[in-house]
> 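Take a look at this one; I'll ask things after.
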Amino acid sequence: MVLKVYNTLTRSKEEFTPLHGNRVNMFVCGPTVYDYMHLGHARTYIAYDVIARYLRYKKYSLFYIMNITDVDDKIIERAKEKNVHPIKLAVEYENYFMEDMERLGINTVNLFVRASEHLEEIINQVKTLIEKGYAYETETGVYYDVTKFLDYGKLSRQKPEELSQHRVDPDPTKRHPQDFALWKKRSREEFGWDSPWGYGRPGWHIEDTAITVTYFGPTYDIHGGAIELIFPHHEAEIAQAEAATGVKPLVRYWVHTGLLTVRGEKMSKSLGNFITVRDALKKYDAETLRFFFILTHYRSPIDFDEQKLEQARESLRTLYNTLQNLQETEQADELTEEDKNLQTKLQQFKQKFIDAMDDDFNTPVAVSVLFELAHEVNRVIQKNKRISSKLKEDVSNLFKELGGILGILQKPIRKEAETEIVDKLLEVIIEVRNELRNRKEYEIADRIRNRLREVGIVLEDTGKGTRWRFS
RNA sequence: GCCCGGGUGGCCGAGUGGUGGAGGCGGCGGCCUGCAGAGCCGCUUCACGAGGGUUCGAAUCCCUCCCCGGGCUCCA
């Protein structure tokens, strides 16, 4: 089966073929760095992280760029409030963003590109658009004339003339209310740059096309972002780049992720209903957050609810329990009937997982394959009480390999908080408790277990002794 | 107003014309266990917002309607 990707432009799944052989160029709209990263961002960037991991797993040579919007009205407003320089504020939140990304295990981006470092390219692109007759200058800025670009609206399926409703009053100097800003003229007191049209700042959409044309050329493979960006942001990108370079398409596959909502409303900074990544990580570990998100297909909306996060945590624990059960199962040299059977099935599980991912990165189905595998493994262990050493290793490797695509199942069986002293302490407690159990002093033995449970340590008595784990 | 999505079991969530509602979470019963946990077996589960239509056959295609969300120049 070949990889199929849903393309927003055609509203259908298409076979994925990169423009240049094995090379895949992917660009994802990054954050505006004026506040902490929240779970809505996490959802999107985890989705693209999984996509990137899978593309590399499929042996594509992926070059993944994410931009950092560090020039923006919001940043300037916030900087004013806090009485710091906008760039300083942006750098601060960019650092927080990078920390959060790392903690979430999002490590697939090859290059982060700051808008502020590409003013030359931005200005050049605006110049080109004016020269080619797509843009015009007024006393307030430079604007893109959407009537000059016949394809305007092809991504969002809107007719430019119908875009008459506005939340913000359009600038009165524009030829048409739908025209969007490429350069905003500003007074010298404000943060900005010099340009052929005077002092000011770039418009919202121009940084992305200036960056992608610079690094990828006029056409590249995948452009990602959340669904809210289809219009106007991505529509404007198409208009800018295809007009400026004269080459279409700008992007071969437009990919959009569904939004994270809270009680039905979009999680967003402006609504104030957001949970920051750092707060979420205080209560749930990174793999749980990832697992929560990949349990739903990337294009579907997710309504955030802490109960669902807890469900995800329990669900992930089931997989880890299986890994632990496997690890603790006695090894044998020879293969039983069940071992042989499972050994041959491993390839099928792997193929099923890949088929799911090939179908527009269907992570919920891919995860279900992991559960089916876990189920089979547990059955064999349950029946035979032992497993061949080769099978044990193969199963364990397969979980690691497939889990690695999703960014889960990468932790050691016990948490990293484990230290030698904790381990030894528990050894002592378990030893004493088992002595009590031998003497049938169950009341005290149970009290020890219950009290440990309260502090987050679970004791489990198995046929082969007592084991412990963090809850 | 215009454009785009979505409504599946107690909950989450796959499935986009054809044997069984995948998988998970929760609950209940059984095996195992001193008990509990983990795991296994079974049940909870003949569902697809409503009403029409097309078809041998519709959750899936078409029409109308209801509800929810997103976008319409701030946004992952």
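All values below were derived from every heavy atom in this structure, side-chain atoms included, with hydrogens, water molecules and symmetry-related copies excluded. Proteins come first, then strands; the chains are lettered A, B, ... in the order of their sequence lines, and each starts at number 1.
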> Applying a 4.0 Å non-hydrogen cut-off, can you work out what A:K74 is touching in the nucleic acid: base, sugar-phosphate, or nothing?
base
> Without decimals, in angstroms, what is the distance between A:L319 CG and B:rG23 P?
14 Å
> Between B:rC40, B:rG37, B:rG23, spot the one nearest the side chain of A:F371, thanks.
B:rG23
> Kindly give the atom pairs (protein nitrogen or oxygen, nucleotide nitrogen or oxygen) under 3.5 Å for nucleotides 67-69 of chain B.
residue: B:rG69; atom: O3'; partner: A:G264; partner atom: O; Å: 3.1

> Once you round it to whole Å, what is the distance between P of B:rU33 and CG of A:D461?
13 Å
> If you pin A:A374 and A:D179 to their nearest nucleotides in RNA chain B, which one's is more 5'?
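It is A:A374, whose closest nucleotide lies nearer the 5' terminus.
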> A:F231 has an atom CZ; how far is it from atom C1' of B:rG5, in whole Å?
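It works out to 17 Å between those atoms.
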> Starting at atom CD of A:E228, determine the distance to atom C1' of B:rC4, rounded to an integer number of angstrom.
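So the two atoms are 14 Å apart, to the nearest Å.
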> For B:rA76, does OP1 or OP2 lie under 4.0 Å from any side-chain N or O of A:T32?
yes
> Between A:H375 and B:rG24, does any side-chain N or O lie under 4.0 Å from OP1 or OP2?
no
> Rounding to an integer number of angstrom, what distance separates B:rU64 and B:rG26 when you compare their C1' atoms?
39 Å
> Once you measure the plane-to-plane angle for A:Y144 and A:F149, does it fall in the parallel (<30°), tilted (30-60°) or perpendicular (>60°) bin?
perpendicular
> Please tell me which of the listed nucleotides, B:rC35, B:rG39, B:rA22, lies nearest to the side chain of A:R449?
B:rC35
> Without decimals, in angstroms, what is the distance between A:L229 CG and B:rC4 C1'?
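Taking CG of A:L229 and C1' of B:rC4, I get 14 Å after rounding.
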> Check the phosphate of B:rU33 against A:T462, side-chain N and O only, distance under 4.0 Å to OP1 or OP2. Yes or no?
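For B:rU33, OP1/OP2 do not have a side-chain N/O of A:T462 under 4.0 Å.
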> Roughly how far, to the nearest 0.5 Å, is the CG atom of A:D279 from the NE2 atom of A:H38?
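The NE2 atom of A:H38 sits 12.5 Å away from the CG atom of A:D279.
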> For a quick check of understanding: with a heavy-atom distance under 4.0 Å over all strands, which category does A:M37 fall into, base, sugar-phosphate or nothing?
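Result for A:M37 = nothing.
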> Rounded at 0.5 Å granularity, tell me how far CG in A:D305 sits from CZ in A:F292.
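Those atoms lie 7.5 Å apart.
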> Sticking with atom C1', work out how far B:rA58 lies from B:rU54, rounded to a whole angstrom.
10 Å
> Which part of the nucleic acid, if any, lies within contact of A:R453, taking any heavy atom under 4.0 Å across all strands shown: a base, the sugar-phosphate backbone alone, or nothing?
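No contact.
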> Would you indicate what A:E314 reaches in the nucleic acid, counting non-hydrogen atoms under 4.0 angstrom: base, sugar-phosphate, or nothing?
sugar-phosphate
> Considering every strand and a 4.0 Å limit on heavy-atom distances, what is the contact class for A:R78: base, sugar-phosphate, or nothing?
nothing
> So, taking the atom named OH in A:Y34 and the one named CG in A:D72, what distance separates them when rounded to the nearest 0.5 Å?
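The distance works out to 7.5 Å.
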> Rounded to whole Å, please give me the gap between CD1 in A:I381 and P in B:rC32.
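Interatomic distance, CD1 of A:I381 to P of B:rC32: 20 Å.
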> Mapping A:N378 and A:V146 onto RNA chain B by nearest heavy atom, which one lands closer to the 5' end?
A:N378
> Taking only the P atom of each, what is the distance from B:rA59 to B:rU19 in whole angstrom?
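Each nucleotide's P atom is 11 Å from the other's.
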> Just checking A:L370: base, sugar-phosphate only, or nothing, at a heavy-atom cut-off of under 4.0 Å?
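No contact.
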> Taking the P atom of each, how far is B:rG15 from B:rG27, in whole Å?
28 Å
> Could you measure between the two P atoms, the one in B:rU44 and the one in B:rG9, and give it in whole Å?
16 Å
> So A:T257, base contact, sugar-phosphate only, or nothing? Heavy-atom distance under 4.0 Å.
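Answer is nothing: A:T257 stays at 4.0 Å or more from every strand.
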> A:E454 CD to B:rA36 P: how many Å, rounded?
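Interatomic distance, CD of A:E454 to P of B:rA36: 18 Å.
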> Tell me the stems RNA chain B sits in, counting at least three consecutive Watson-Crick or G-U wobble pairs, each under 3.5 Å on both distances.
B:1-7 with B:66-72, B:10-12 with B:23-25, B:26-31 with B:39-44, B:49-53 with B:61-65
> In this structure, how many angstroms lie between the C1' atom of B:rC31 and the NZ atom of A:K383, rounded?
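Taking atom C1' of B:rC31 as the reference, NZ of A:K383 is at 15 Å.
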> Could you run through nucleotides 14-21 of chain B and give me one letter per nucleotide, 5' to 3': B if any protein heavy atom sits under 4.0 Å from the base, S if only the sugar-phosphate is that close, - if neither?
SS------
> Answer yes or no for this row: A:Y45 ring on B:rA76 base, centroids under 5.5 Å, planes under 30°.
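By the stated criterion, A:Y45 and B:rA76 do not stack.
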> Can you tell me, in whole Å, how much space there is between the C1' of B:rA14 and that of B:rC25?
15 Å
> If you check every side-chain atom of A:R379, which of B:rC41, B:rU73, B:rG39 has the closest atom?
B:rC41
> Using the P atom as the reference point in each nucleotide, state the distance between B:rG49 and B:rC41 in Å, no decimals.
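Taking atom P in both B:rG49 and B:rC41, they lie 32 Å apart.
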> If you check every side-chain atom of A:R157, which of B:rU73, B:rC4, B:rG24 has the closest atom?
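Shortest atom-to-atom distance from the side chain points to B:rC4.
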